[in-house]
Amino acid sequence: MITMPPEWSPHTATWMGYPRAAYAGTGIRDDEARIGWSAVANAISEHEPVQMLVHPDDQRHARKTLASAIERHDAIIDDAWLRDSGPTFVFDAQVLTAIDWTFNGWGDHTALAWDQDDAVARQIADWSQARHVRSRLVNEGGGIHVDGQGRVLLTETVQRDPHRNPDWSREDIEAEIHAQLGTHEAIWLPRGLYRDYLDHGTRGHVDMVACFTPAETVLLHQQLNSDHPDWPLFDELAVLLKDSGLEVLPVPAPTTLRDHRDWVDYSYINHYVLNGAVIMPSFNDPHDDRAREILSEVYPRRAIIPIDARVLFALGGGVHCITQQQPAAESVTI
């Protein structure tokens with residue numbers, strides 16, 4: 001029996017990648033990117049082991065910014081969004097298994113190289129001593145979220161993206177997702193956040209919009225300002241999720257609406273749940289405190305740790321996007 005433990009189950013480790021450089025036009029310096037990633041990694045390392053993939057050319061920088069407890073692995077990587085290029089871990093009975101989705105740069109939606117990143121999942125499978133399973137489906141870890149009860153959240157513009165899976169029907173995609181994750185019910189969101197469809201975006205990853213919780217609710221991003229293009233999305237998705245039998249808990253978006261490029265996609269949904277803690281993206285925003293209260297209610301026995309994530313979001317992702325959990329065997333019941 002195959003199962004993907006939910007994120008709040010016990011972890012053996014967190015896998016991450018060390019950023020090679022910031023992207024041109026973002027206004028972010030290389031050192032700011034490295035410090036942003038390292039702040040998340042160092043906070044996680046206080047609660048569970050962190051395994052960091054570092055390009056050999058970047059090891060000198062990594063030694064300066066990463067906590068000594070973090071184990072570094074030499075790896076030829078193009079980029080550092082390990083949620084997407086790394087494997088999705090499941091258990092087949094009690095055998096740790098690394099699902100290696102086909103990765104093509106978010107539907108070839110970036111001018112940057114990504115072919116080396118398609119090999120990352122196999123490398124991590126070897127290092128973690130997991131059984132390696134390659135899937136023909138083009139998919140990323142940020143494009144799925146499971147509740148541990150058989151449900152999985154997907155997005156029409158991600159898995160059904162013609163630049164990802166042009167020859168796959170909806171039924172074909174669901175069959176492959178269920179076969180690899182052990183799920184049996186797919187809930188399809190029609191789209192993601194506005195910014196995610198601009199250059200270098202993922203075209204609608206669910207981990208910016210909605211996520212399950214241990215309380216069997218769904219945290220849902222809610223833009224409260226009607227000027228922002230994401231404002232109508234909450235009502236549309238809330239109806240869909242409620243019609244699927246789920247309880248929705250709104251999480252207000254930060255009050256910040258724009259950066260120097262466009263409308264922002266700042267989202268507290270993109271947090272990471274780990275052993276004893278939750279790493280929460282913060283934005284020096286009035287709504288940071290409310291988001292922290294909500295996560296404290298959902299995870300009352302975990303420390304809620306805010307980390308300034310504005311650098312990460314300027315580069316196209318968040319806290320969840322740069323982390324990938326390796327679940328522990330005790331998270332599986334036979």
### Task
Please test Gln222 against Val251 for side-chain contact (heavy atoms from CB on, under 4.5 Å), starting from the C-alpha separation and ending with a verdict.
CA-CA 6 Å; Gln222 183 179 30; Val251 181; over 6 Å; no

#### Entry: Exceeds 12 heavy-atom contacts within 6.0 angstrom, atom CZ of Arg258
yes

### Query
Is Glu216 atom CD crowded by more than 12 heavy atoms from other residues, nucleotides or ligands, each under 6.0 Å away?
no

### Task
Scan for salt bridge (Lys or Arg N to Asp or Glu O under 4.0 Å) pairs involving residues 143-157, sequence neighbours excluded, and state none if there are none.
Asp147-Arg151, Glu156-Arg160, Glu156-Arg170

### Message
For Asp199 and Arg261: C-alpha separation, side-chain torsions, deciding distance, then whether salt bridge (Lys or Arg N to Asp or Glu O under 4.0 Å) applies.
### Response
CA-CA 11 Å; Asp199 288 346; Arg261 295 176 63 204; over 6 Å; no

### Message
Between Trp101 and Thr88, is the side-chain hydrogen bond (donor to acceptor under 3.5 Å, both in side chains) condition met? List the steps.
### Response
CA-CA 8 Å; Trp101 310 107; Thr88 296; 2.9 Å; yes

### Query
Considering only heavy atoms from C-beta outward, does the side chain of Ile177 approach that of Leu137 to under 4.5 Å?
yes

### Ser135 and Glu176 side chains, donor-acceptor separation under 3.5 Å
yes

### Query
Checking side chain to side chain contact (heavy atoms under 4.5 Å, CB included) against Met16, which of Val54, Thr323, Leu53, Ile70 comes through?
Thr323

### Query
Is the number of heavy atoms from other residues, nucleotides or ligands within 6.0 Å of CD (Glu247) greater than 12?
no

#### Entry: Distance-only polar pair, side chains of Thr255 and Asp285, donor-acceptor under 3.5 Å
yes

### Query
What residue pairs, at least two apart or across chains, pass salt bridge (Lys or Arg N to Asp or Glu O under 4.0 Å) with a residue in residues 36-47?
none

### Message
Applying the side chain to side chain contact (heavy atoms under 4.5 Å, CB included) criterion to Ile322, which one of Leu312, Leu82, Leu315 satisfies it?
### Response
Leu312

### Query
In terms of side-chain geometry, is the basic nitrogen of Arg134 or Asp118 positioned less than 4.0 Å from the acidic oxygen of its partner?
yes

#### Entry: Non-hydrogen atoms of Gly192 and Thr155 that approach each other most closely
N-CG2, 4.2 Å

#### Entry: Heavy-atom side-chain proximity of Pro281 to Asp308 below 4.5 angstrom
no

### Message
I'd like to check Leu237 versus Pro190 (side-chain heavy atoms, cut-off strictly below 4.5 Å). Are they in contact?
### Response
yes

### Message
Set out, in order, the CA-CA distance, both residues' side-chain angles and the distance that settles side-chain hydrogen bond (donor to acceptor under 3.5 Å, both in side chains) for Asp172 and Ser169, then state yes or no.
### Response
CA-CA 5 Å; Asp172 292 337; Ser169 68; 3.1 Å; yes

### Query
Between Leu181 and Ile2, which heavy-atom pair has the shortest distance, and what is it?
C-CG2, 3.9 Å

### Query
Quick check: does any side chain N or O of His47 sit under 3.5 Å from a backbone N or O of Ile44, one acting as donor and the other as acceptor?
no

### Query
Just wondering, do Phe212 and Leu153 contact through their side chains at under 4.5 Å, heavy atoms?
yes

### Query
What is the minimum heavy-atom distance between Pro5 and Val146, and which atoms define it?
O-CG2, 4.3 Å

### Query
When you measure from the side chain of Ser244 to the backbone N and O of Leu246, does any donor-acceptor pair fall under 3.5 Å?
no

Sequence neighbours excluded and cut-off under 3.5 Å, please list the side-chain donor-acceptor pairs for residues 31-42, or say none.
unit_1	atom_1	unit_2	atom_2	d
Asp31	OD1	Arg29	NE	2.9
Asp31	OD2	Arg29	NH2	3.3
Glu32	OE1	Arg29	N	2.8
Arg34	NH2	Arg20	O	3.2
Trp37	NE1	Gly17	O	3.4
Trp37	NE1	Ala80	O	3.2
Ser38	OG	Arg34	O	2.7
Ser38	OG	Thr65	OG1	2.9
Asn42	OD1	Ala67	N	2.8
Asn42	ND2	Ser38	O	3.2
Asn42	ND2	Thr65	O	3.1

## Note on the structure
All heavy atoms of Val158 vs all of Thr202, minimum pair found to be CG2-O, 4.0 Å

#### Entry: Qualifying salt bridge (Lys or Arg N to Asp or Glu O under 4.0 Å) pairs, either residue in residues 65-82, two or more places apart
none

### Query
Which heavy atom in Trp263 sits nearest to a heavy atom in Arg195, and how many Å separate them?
O-NH1, 3.0 Å

### Message
Could you check whether any side-chain heavy atom of Asn104 comes within less than 4.5 Å of a side-chain heavy atom of Trp114, counting everything from C-beta outward?
### Response
yes

### Query
Going through the distances and angles, do Asn165 and Gln159 end up as a side-chain hydrogen bond (donor to acceptor under 3.5 Å, both in side chains)?
CA-CA 7 Å; Asn165 300 299; Gln159 286 81 16; over 6 Å; no

### Query
Please walk me through it: do Asn270 and Met208 pass side-chain contact (heavy atoms from CB on, under 4.5 Å)?
CA-CA 5 Å; Asn270 201 263; Met208 288 285 197; 3.9 Å; yes

### Query
Is the backbone N or O of Ile304 less than 3.5 Å from a side-chain atom of Arg292, with the two atoms forming a donor-acceptor pair by type?
yes

### Task
Test Leu66 against Met52 for side-chain contact (heavy atoms from CB on, under 4.5 Å), laying out the working first.
CA-CA 9 Å; Leu66 294 176; Met52 181 71 74; 3.8 Å; yes

### Message
Give me each pair satisfying salt bridge (Lys or Arg N to Asp or Glu O under 4.0 Å) with a member in residues 226-241, each pair once, sequence neighbours excluded.
### Response
Arg191-Glu236

### Query
With side chains defined as the heavy atoms from C-beta onward, is the minimum distance between Glu293 and Leu295 less than 4.5 Å?
no

### Query
Are Arg131 and Asp92 close enough that some pair of their side-chain heavy atoms sits under 4.5 Å apart?
yes

### Message
Checking side chain to side chain contact (heavy atoms under 4.5 Å, CB included) between Leu219 and each of Leu249, Val209, Val248, which is the one that passes?
### Response
Leu249

### Query
Is the closest side-chain donor-acceptor distance between Thr14 and Gln51 under 3.5 Å?
no

### Query
What are the two closest heavy atoms between Leu220 and Ala210, and how far apart are they?
CD1-CB, 3.9 Å

### Task
Given side-chain contact (heavy atoms from CB on, under 4.5 Å), test Val239 with Lys242 step by step and report yes or no.
CA-CA 5 Å; Val239 169; Lys242 289 174 182 176; 5.9 Å; no

#### Entry: Passing option when Thr183 is tested against Glu174, Gln149, His178 for side chain to side chain donor-acceptor pair (under 3.5 Å)
His178

### Task
In plain terms, say whether Arg203 and Asp161 are close enough for a salt bridge, that is, a side-chain N and a carboxylate O under 4.0 Å apart.
yes

### Task
Decide yes or no on side-chain hydrogen bond (donor to acceptor under 3.5 Å, both in side chains) for Gln325 and His11, but give the supporting numbers first.
CA-CA 6 Å; Gln325 70 272 11; His11 298 178; 5.2 Å; no

#### Entry: Check: Glu185 and Val152 side chains under 4.5 Å, non-hydrogen atoms
no

### Task
Scan residues 287-321 for pairs that pass ring-ring contact (aromatic ring centres under 6.0 Å, His included), counting only residues two or more places apart or in two chains.
Tyr266-Phe313, Phe283-Phe313

#### Entry: Ring centres under 6.0 angstrom apart (Phe234, Trp231)
no

